[in-house]
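Computed from a prediction, not measured in an experiment: that's the story for all the values here. Residue numbering restarts at 1 for every chain, and letters A, B, ... go by the order of the sequence lines.
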2 protein chains.
Amino acid sequence: MATLRDVAREAGVSVATASRAINGLGNVTAPTRAAVMAAVKKLNFVPHSGARSLTRRKTDTVGVILPDLFGEFFSEIIRGIDLVAHESGMHLLLGNMHGSAHETAAAIASMRGRVDGLLVMPPELKPETLAGHLDPALPTVLLNYEASSLDIPYVAVDNYRGAYAMTEALLAQGARHVVHIAGPKHNRDARDRQRGFVDAMARIAGERSPVILPGDFSEEAGMEAARLLAQGQMPVDAVFAANDLMAVGCIMQLGETGKKVPADILVAGFDDIPLARHVSPTLTTMQVHIDQLGSTGMMMLLRMLRGETLGASSSTVLTPALITRGTTARLASALAGSAVQP
Amino acid sequence: MATLRDVAREAGVSVATASRAINGLGNVTAPTRAAVMAAVKKLNFVPHSGARSLTRRKTDTVGVILPDLFGEFFSEIIRGIDLVAHESGMHLLLGNMHGSAHETAAAIASMRGRVDGLLVMPPELKPETLAGHLDPALPTVLLNYEASSLDIPYVAVDNYRGAYAMTEALLAQGARHVVHIAGPKHNRDARDRQRGFVDAMARIAGERSPVILPGDFSEEAGMEAARLLAQGQMPVDAVFAANDLMAVGCIMQLGETGKKVPADILVAGFDDIPLARHVSPTLTTMQVHIDQLGSTGMMMLLRMLRGETLGASSSTVLTPALITRGTTARLASALAGSAVQP
DNA sequence: TCGCTCATGGTAACCGGTTACAGGGGGGTG
DNA sequence: CACCCCCCTGTAACCGGTTACCATGAGCGA
């Protein structure tokens with residue numbers, strides 16, 4: 001592998017000149033630059049970025065630490081991040097905490113010297129724990145995690161209001177007994193969504209202790225919830241799942257047990273993953289624009305890398321929008337009966 | 001940010017001793033080691049990986065270069081790669097060629113010095129072009145790209161046989177006029193699938209010039225194809241799309257125009273993306289185990305990093321399996337008529 | 001008690017670029 | 001014609017960690 005020294009020798013100049021020519025620093029004459037460039041071509045030279053990052057103190061890379069790499073939610077986030085990163089010539093280093101808090105620390109630590117900044121999505125971590133692991137000197141933006149107490153900028157989704165709005169919409173459709181399928185116990189998104197649901201039920205329907213089934217954001221959890229409902233022990237005419245994947249699982253399992261969506265029971269999700277438009281009936285959900293979560297976060301990080309100091313006050317909160325589709329389309333289903341139901 | 005010298009000073013030893021203690025090289029007494037470790041803790045020292053990779057000549061990172069980051073196909077690949085990489089403590093550096101050959105070169109070049117090896121998926125590139133951009137000294141595994149001529153190991157899917165088998169299955173279901181929706185013109189997967197289709201049609205149905213509609217692997221392309229079919233100019237009783245996304249688009253659009261799947265027309269895809277089980281009717285497809293594509297490739301790359309020399313002869317070819325689901329379930333649809341159709 | 005061996009720790013060079021500073025040559029001007 | 005200045009180029013130190021090689025001292029046998 002050719003080094004800068006090799007190029008310099010080949011071009012008959014010093015390493016300093018070669019470096020300057022390659023980086024276009026101006027104080028190099030045209031013929032000299034041409035000679036260097038010719039040598040670069042000939043030797044197929046590519047600067048060693050490890051060495052470069054040592055002196056420049058930047059790596060042109062940002063670390064992305066996600067709780068998992070499963071499903072469309074994360075692939076959409078990464079796509080959003082990549083879109084912005086690519087425009088600025090930044091690379092993406094993927095870190096995966098595989099759900100454990102211990103791994104999170106390791107993932108963050110292992111990024112030192114590799115990245116200029118960090119995008120972290122730590123849904124299961126307590127702010128104090130997180131603060132202990134983050135390096136204050138490393139520009140960081142949190143995804144989907146409101147952390148005003150830490151004074152770290154974040155991009156969050158207003159889960160509470162989204163869940164409140166969705167519950168309100170279900171009740172407006174005439175539902176009386178709305179059941180919530182919750183997300184993981186320690187997941188902050190899940191908890192905010194649950195709070196929104198509980199508050200809406202209390203304030204609008206006067207229901208002080210609505211039914212909440214356990215879940216973990218997986219499709220299987222949605223199916224499990226549907227099985228519980230099928231036993232018919234509790235009155236229910238609408239299901240609000242804390243995310244789309246569980247809603248999808250629930251719909252499929254309800255179909256197995258003969259309950260018709262939306263004729264017998266309404267179903268709604270949260271996130272608007274691409275899949276939501278493809279299930280049958282199509283899924284009513286809160287649209288989050290997941291890719292925007294990533295792209296917005298990346299843009300904020302870029303600003304920090306350019307020298308701006310951003311604190312928690314610079315954070316962005318995305319408000320999800322209600323998308324009404326087939327699973328809550330009472331009217332349409334009444335007309336169509338049990339016949340064709342796209 | 002603390003450096004090794006700081007740690008050494010704090011612990012009252014030399015940098016060499018500090019380094020040895022941290023890396024557990026043995027020739028350090030227990031008390032010395034303890035002192036160093038205490039200093040590490042106190043100063044919150046984390047080795048600078050850029051500097052480390054300079055001398056060690058390894059980065060513990062592998063580069064992953066994909067044509068795009070869109071859709072479940074790629075998220076599944078990344079998941080498969082991450083699974084294996086994580087076990088070996090490897091990091092993933094994402095590169096995106098955004099479809100263009102020029103970007104591909106840039107992506108590969110920019111990885112130098114950043115990674116120990118490369119996983120590349122270049123569906124649109126000619127072998128010669130690819131060879132010109134790859135560094136022979138950098139261990140590389142190709143994904144979904146058979147390149148025996150370059151003597152680079154690859155993990156590929158037997159697209160030809162898969163397409164042949166699918167066409168055969170459609171014909172066995174009684175279809176006479178099978179139409180193929182092709183993938184991008186220069187995409188090798190797409191071309192192999194098309195060849196498999198054409199050969200099967202010729203050999204089994206004696207059809208020498210089957211209808212082939214243009215496509216580009218996008219959902220929209222599938223819808224467009226369905227619109228063409230709806231005009232009714234050509235006889236058609238089955239559609240074989242070159243990938244699942246187009247098949248899904250086709251099904252949705254066929255629904256709009258009143259054609260019933262599978263009663264009026266059979267539909268099949270290729271890839272078995274997660275979505276395939278969720279559309280209605282569920283999609284018949286060739287199962288590729290996309291994640292295995294990634295994990296197998298990563299395992300091969302790890303072997304190369306451990307010093308083994310792998311050539312094209314060490315490649316793996318995954319044979320896709322036929323998964324029969326709702327979109328080709330003639331019998332079931334005949335029984336159920338236009339009623340409930342899960 | 002002396003000399004030898006061996007374990008342990010220190011010094012300094014090196015990985016491959018970047019860049020502060022010094023030096024040298026050419027052109028313009030008094 | 002001499003001097004100055006500016007611009008280009010070169011030398012060398014440095015980024016932070018690793019490691020070859022050397023020095024030192026302890027431990028052991030004779």
Next on the checklist: Between D189(A) and R191(A), does any side-chain N to carboxylate O distance fall below 4.0 Å?
Outcome noted: no
Checklist entry - Has the side chain of S49(A) got a donor or acceptor atom that lies under 3.5 Å from a matching backbone atom of R112(B)? => result yes
Next on the checklist: Using a strict threshold of under 4.0 Å (side-chain N to carboxylate O), is an ion pair present between R9(A) and D6(A)?
Outcome noted: yes
Next on the checklist: Keeping D116(A) on the side-chain end and V62(A) on the backbone end, is there a donor-acceptor pair under 3.5 Å?
Outcome noted: no
Next on the checklist: Using side-chain heavy atoms (C-beta onward) and a distance below 4.5 Å, is I108(A) in contact with I65(A)?
Outcome noted: yes
Next on the checklist: Using modelled atom types and a 3.5 Å cut-off, is there a donor and acceptor pairing between side-chain atoms of T296(B) and backbone atoms of L293(B)?
Outcome noted: no
Heteroatom pairs (N/O) under 3.5 angstrom, protein to nucleotides 22-27 of chain C:
none

Item to check | Non-hydrogen side-chain atoms of V141(A) and M304(A) separated by less than 4.5 Å | outcome: yes
Next on the checklist: Closer than 3.5 angstrom, by distance alone: can the side chain of H48(A) be matched with the main-chain N or O of G50(A) as a donor-acceptor pair?
Outcome noted: yes
Checklist entry - So, the side chain of T61(B) versus the backbone of T59(B): is there a donor-acceptor pair under 3.5 Å, distance only? => result yes
Item to check | Flag side-chain contact, heavy atom, 4.5 Å: N187(A) against D216(A) | outcome: no
Checklist outcome for this item: Under the rule of Watson-Crick or G-U wobble with both distances under 3.5 Å, where | means paired to another strand and [ ] a crossing pair, DNA chain C maps to ||||||||||||||||||||||||||||||
Checklist outcome for this item: The contact string for nucleotides 8-17 of chain D, one letter per nucleotide 5' to 3', using protein heavy atoms under 4.0 Å with B, S and - for base, sugar-phosphate only and none, comes out as SBBBB--BBB
